[in-house]
Amino acid sequence: MSTILDIQALTKIYGDFRAVDDLTLAVASGEIFALLGPNGAGKTTTIRMLMGILAPTSGHARIANLDCFRERAKVMLHVGYLPDEPVFYDYLRGSELLRFVGEMHLLTAGETKLRAQPLIEKFQLDDDLEEFAVNYSKGMKKKLALICALLHAPRVLILDEPTNGLDPFATRALHELVREQASSGVAVFYSTHLLDQAERLCHRVGIVRAGALAALGPIDELRANLSVKGSLEDIFFQVAGKRDSDGIPPSGAAL
Amino acid sequence: MTSERGPSARRTIYLLCRLAGRRMLNRASLPFLRRRRGNAAQGPKRGATRSKNRASVLLLFAFAVFLIQSGIFAGNVIEKMVALAQGVDSRTTVTRGPRTYTIRSEERFLEPRRLPPESCRDEYRRALSLFFTLLFTALLAFALSGSNREFGQVEWSLEWLFTQPISSATLFFAKLAEYTFASPFCWVTCLPFFAMTYASGEAGIHTIPLAVAMTIYIALLIAAIRLVAEAALRRVFTLGGLKNVQALGTVLGILCFYTVLYLGLGTSAPKWFGHAFQSLPAAFELLPWNLPLAFATPGASAAPVIAWIAAAGILAACASVATCAFLVRGGLITASGSFQGRRGVASDLGARRGYFRGIIAKELLMLLRDRNLFVQLFVVPVLVMGFQVVIRPEVLEGAASDHRNAAMFAFGIGAYVLMAGAFSILTVEGRGLWLLYSFPRRLSDLLLEKAALWSTFSALYVVALLAWFAARSHDSRGAFIASAIMALSGILIYAFIAAGLGILGAEPLSTEPRKRLKPAYVYLYMFLASMFSFGIYSEDWWPKLVLVILCALLAFAIWQKVRDQIPYLLDPTASPPPMISTSDGLILGLMFFVVHGLCIMLMAMIADARGSTRFQPQWEHVIVAYVAAGLVTATASLANFLRRKVPHLGVQLGLQRDPRNSSSSLRVVMVSLASGALAVAVLVGYVYILDSMPFFKDQIDERKMELMPFKSLTDVQWYALLAVVAAPIFEEYIFRAVLFRGLRRTLPFGLAALASAAIFAICHPPISAVPVFCVGLATAFCFERTGLLIGPILVHTFYNVSVLFLDTLNI
């Protein structure tokens, strides 16, 4: 399995505030990686740096050996992105949005339909595609954004809090989709709060606190290294629950 | 321990009004609160309260200024109404000028003797009633127009208030109070109007309290209607329908308000107004919103009128609250989606519809569906310009008579449309910008496509107007076509200038949607657009060409900056690395000309102060000014580059040898001489061709007479010094080291060389344009090859020496 997403010493500083501090991790093709952390830990900032929206202060992020910031347009060929709160334009129906996204990824209308149709059925959006996207509920917007992200068959999926706002059907459908994509070689990188879902789904986990990586590795390994017998939740609270500013990852947990 | 009841009705109303007031104050004071970019994550802390107090003072000041302006306007209106009324009474008092009634302009607005004589007071009040009805309609329309943000949204902000432990009737009363007191536009227009009316109606010390009371009454009426409209229309219309209502409100409001402005600002009240108010019945004054005008003339018995007004106000308030409470008795209404109940599988995913794809298709769809936006971007500019034409019809006549006026008028409307539309191509994306970031295309390319779309739109306006003027024009075809081409090329270039400035001035991170564009950029654009009139109105073809080339370069420089800054658009702290840009070259060129002119002016002033005869710049003055300008420009630019910490400055400017480009000194000299020889060859050929054509030879001789003659040997020496030493150094610095460098950063060599040579050529007299252009190309080639500035300097010196040589040969 080759590394397709590579983050090296990534740092983002706003004035005096270190949003992301010397982050280093790698995700291989076919791997599901979850980035966990409390609010304000820098997860969304990291994802925005992966999307080329923010420029890193130092260090770099690479996807498919292309720099995420400097070669953003080329990187987007390989990346599918699902934001935390997708906001769509007014006055466009779901179907029109899908066609728009397909055109922007240089797919013909036929190809767009071919790729979108099974996903629409899986997420049960058939009835709502003629409605204006601005009227969708939060869950429906996320589903639509997910379909948009998958249209061009990306090699990397970047999901920001993907199941936040999805009902149980959609959550299960999303999990199945993620496993499917991973088994077909897509690298999945997602940030979440929902520890039990992460535990069931992901191969590896990274826990960030105050911008820095506090733990990294498969859950079993973390459990062994931290001598924690319990669930991911216990690991999380052990690593990220401290109040002090200690940011050194536990020994042997780095990969 | 939870309380048994919610707050009392009075307290609720007070709290909600205070909340609305605080929100309004915060929103209006946002431009005065400075947010330092570095601390975006931490937000304003201690400095915030201090600047908020400062902001309130400034706001009060601005409000006071508006009130005074409005009062002056009201005074004008009253004068006109009085004259109208008197015109009806005694027809002999009419009229200088082409219109029926005229105004005595010597009257100052504070004079209370504006009251008409007893006999025509009824007419005066009726005229005022008609005027005020127009104003009332405008205020009402604006209350439901695009400026009412709650109207066009899916959710109703009232929904949140309904979660409070208050009855719906109380809530609606509170909303009514908020709309009455927190509507600054209504207050700024009505309060001074009533105050001036009552002051001239001899109300004495009762003027101000009465004016305030009546303004409250009018604001209450508008608030009542607005509240019912917001509740009822939501039930009737879908979201799209509400936006249509908003669009209608905008258009109606603008039309009425401009009529009001016309009545106040025009030279005299128009005929239709005079006929209209004469045909009104007396009962017109009894309409609820016209009741306050009973106090416009003295002698109205106060008590019954006030009783009527109070009754009307209370009735309106209760009726609107009752209606609203009735409407929400079955649950709160939210606007339904536009296509409720239309279900089924999406059928058009696979169908190929329309000729437009991608972002253009999306823009067109949105513009066609969002009527409110459409009206604001396409209709409002026409209305605004139309108002100007109505108030001064001679503008249209002037435009139809002279082709240059026609071109300027068409360009003006096009520029106005651009200001509305092209400026907002980034801000209109709003919070959906993340979707554009996920596409495998550069954001600047997508925005460039949108700018091209807007250039098409504005060009359509220009072409339509030009066609209309062409049908009515009596000028020669050729002249009209020349002006038309000028206007059209101008608008195409300015579309990109407007779009670029709009992007540079946008702040997508700002949460307040209205503050997303910095007004300074709009003013800059307006200034630049007005500069284009130089080109349209100049007689000669050469200044036109110069202006078009300069504007095109300006558009390119702006978009180069846009491309630099776009990757850092959503990043509050990072900014692009410092580099030499085309804009630096442009600014330097401009600075050079300005300083040169200033030096000459300075020398003229010194000469005048010394008492000598009328100053004629001699060659030594020219060279001193030239060198001074060159030194100032060069030092200023170097200081700027050093301050910005441009990396590898010496190598970039050609002052240091580039370690990667290892060409020996001998090679540098050889390349320079070769390029110089090429340029000189072109020069010789050019002069030979011109000499052999008698027509051109006369032209040359004419131009030579215009230029400064050589009166003595010292003149020649000065000129030689200028040509051989000063000019090459400074010109090469500006045009090659900075301008060519800036262009080369984003353009391939051929285009960069052509562009910098073109700019170089237009800075010289037109007669020498062709050889100078070739020199520009040669020096650019030399600079590219050698990487040192000395190369182009040698080429330029070589060329100038050759020119001198040829000149002396001819002499």
Side-chain angles (χ1 to χ4, degrees), chain A residues 12-17 19 48 51-55 57 69-70 72-81 83 86-106 108-110 112-114 116-117 120 126-132 134-135 145 148-149 152, chain B residues 36-42 152 154 239-240 243 335-340 342-353 357-359 361-362 365-370 373 428-443 445-446 567-576:
Chain A
K12 182 70 185 164
I13 303 179
Y14 293 112
D16 298 329
F17 175 58
R48 294 181 111 205
M51 291 295 295
I53 295 175
L54 295 178
T57 312
F69 181 70
R70 271 188 275 272
R72 190 191 62 83
K74 293 206 200 103
V75 169
M76 289 303 123
L77 285 169
H78 306 295
V79 168
Y81 175 52
V87 176
F88 290 114
Y89 302 112
D90 305 352
Y91 293 101
L92 286 184
R93 303 187 197 122
S95 58
E96 286 163 353
L97 269 166
L98 281 175
R99 192 173 57 227
F100 170 58
V101 173
E103 280 171 359
M104 296 306 281
H105 281 289
L106 303 176
T108 65
T112 310
K113 180 170 188 182
L114 203 64
Q117 202 53 41
I120 294 171
D126 321 50
D127 291 339
D128 302 307
L129 274 184
E130 283 306 299
E131 181 108 2
F132 277 7
V134 79
N135 293 339
C148 289
H152 58 291
Chain B
R36 265 183 284 130
R37 300 191 95 210
N39 295 337
Q42 298 180 325
V154 176
L239 177 69
K243 291 260 189 169
S336 57
S338 287
F339 289 90
Q340 193 93 21
R342 181 169 152 184
R343 305 232 156 209
V345 183
S347 58
D348 56 6
L349 255 192
R352 193 171 162 78
R353 217 201 287 173
R357 294 173 59 81
I359 202 157
K362 170 190 85 86
L365 261 182
M366 280 181 56
L367 278 172
L368 288 174
R369 286 186 184 162
D370 189 352
L373 190 67
V428 87
E429 296 292 326
R431 293 183 10 202
L433 201 54
W434 69 269
L435 194 56
L436 292 187
Y437 267 93
S438 70
F439 297 141
R441 292 197 57 193
R442 280 201 296 218
L443 193 58
D445 292 342
L446 293 176
Y568 301 86
L569 192 65
L570 294 179
D571 198 329
T573 51
S575 43

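Order of the sequence lines sets the chain letters (A, B, ...), proteins ahead of strands, with each chain counted from 1. From a predicted model like this one, the values you see are computed outputs, not experimental measurements.
- In terms of the ring-ring contact (aromatic ring centres under 6.0 Å, His included) criterion, residue partners of A/Phe100 (sequence neighbours excluded) are, by chain and number, B/Phe439.
- For A/Arg70, no part lies under 4.5 angstrom from a heavy atom of chain B.
- Heavy atoms of A/Val75 lying under 4.5 Å from chain B are absent altogether.
- Between B/Asp571 and A/Lys12 there is a salt bridge, since a side-chain N of the basic residue sits under 4.0 Å from a carboxylate O of the acidic one.
- Considering all non-hydrogen atoms of both residues, B/Pro440 and A/His105 come closest at CD-ND1, 3.3 Å.
- When every heavy atom of A/Phe69 is checked against every heavy atom of B/Pro567, the shortest pair comes out as CE1-O, 3.4 Å.
- Remark: the backbone N or O of A/Pro86 is not paired with any side-chain donor or acceptor of B/Trp434 at under 3.5 angstrom.
- Nearest heavy-atom pair, A/Tyr14 versus B/Pro572, reported as atom, atom and distance to 0.1 Å: CE2-CG, 3.6 Å.
- At a threshold of 4.5 Å between non-hydrogen side-chain atoms, the residues A/Met104 and B/Leu435 do not count as touching.
- Annotation: salt bridge (Lys or Arg N to Asp or Glu O under 4.0 Å) contacts of A/Arg72 (sequence neighbours excluded): none.
- The most heavy-atom pairs under 4.5 Å with chain B, out of A/Val79, A/Val87, A/Thr108, come from A/Val87.
- The number of heavy-atom neighbours closer than 6.0 Å to CZ of B/Arg442, taken from other residues, nucleotides and ligands shown, is 12 or below.
- Residues A/Ala55 and B/Tyr568 approach most closely at CB-CE2, 3.7 Å, considering heavy atoms.
- For chain B, the nearby part of A/Ile13 is the backbone; its heavy atoms alone come within less than 4.5 Å.
- Per-residue counts of heavy-atom pairs under 4.5 Å with chain B were compared for A/Cys148, A/Ala149, A/Ala73; the largest is that of A/Ala73.
- The line from CZ of B/Arg357 to CZ of A/Arg99 is 9.5 Å long, rounded to the nearest 0.5 Å.
- Separation of atoms OH (A/Tyr89) and CE (B/Met366) is listed at 7.5 Å; rounding is to 0.5 Å.
- In this structure, chain A has a heavy atom under 4.5 Å from the side chain of B/Leu446, while its backbone stays farther away.
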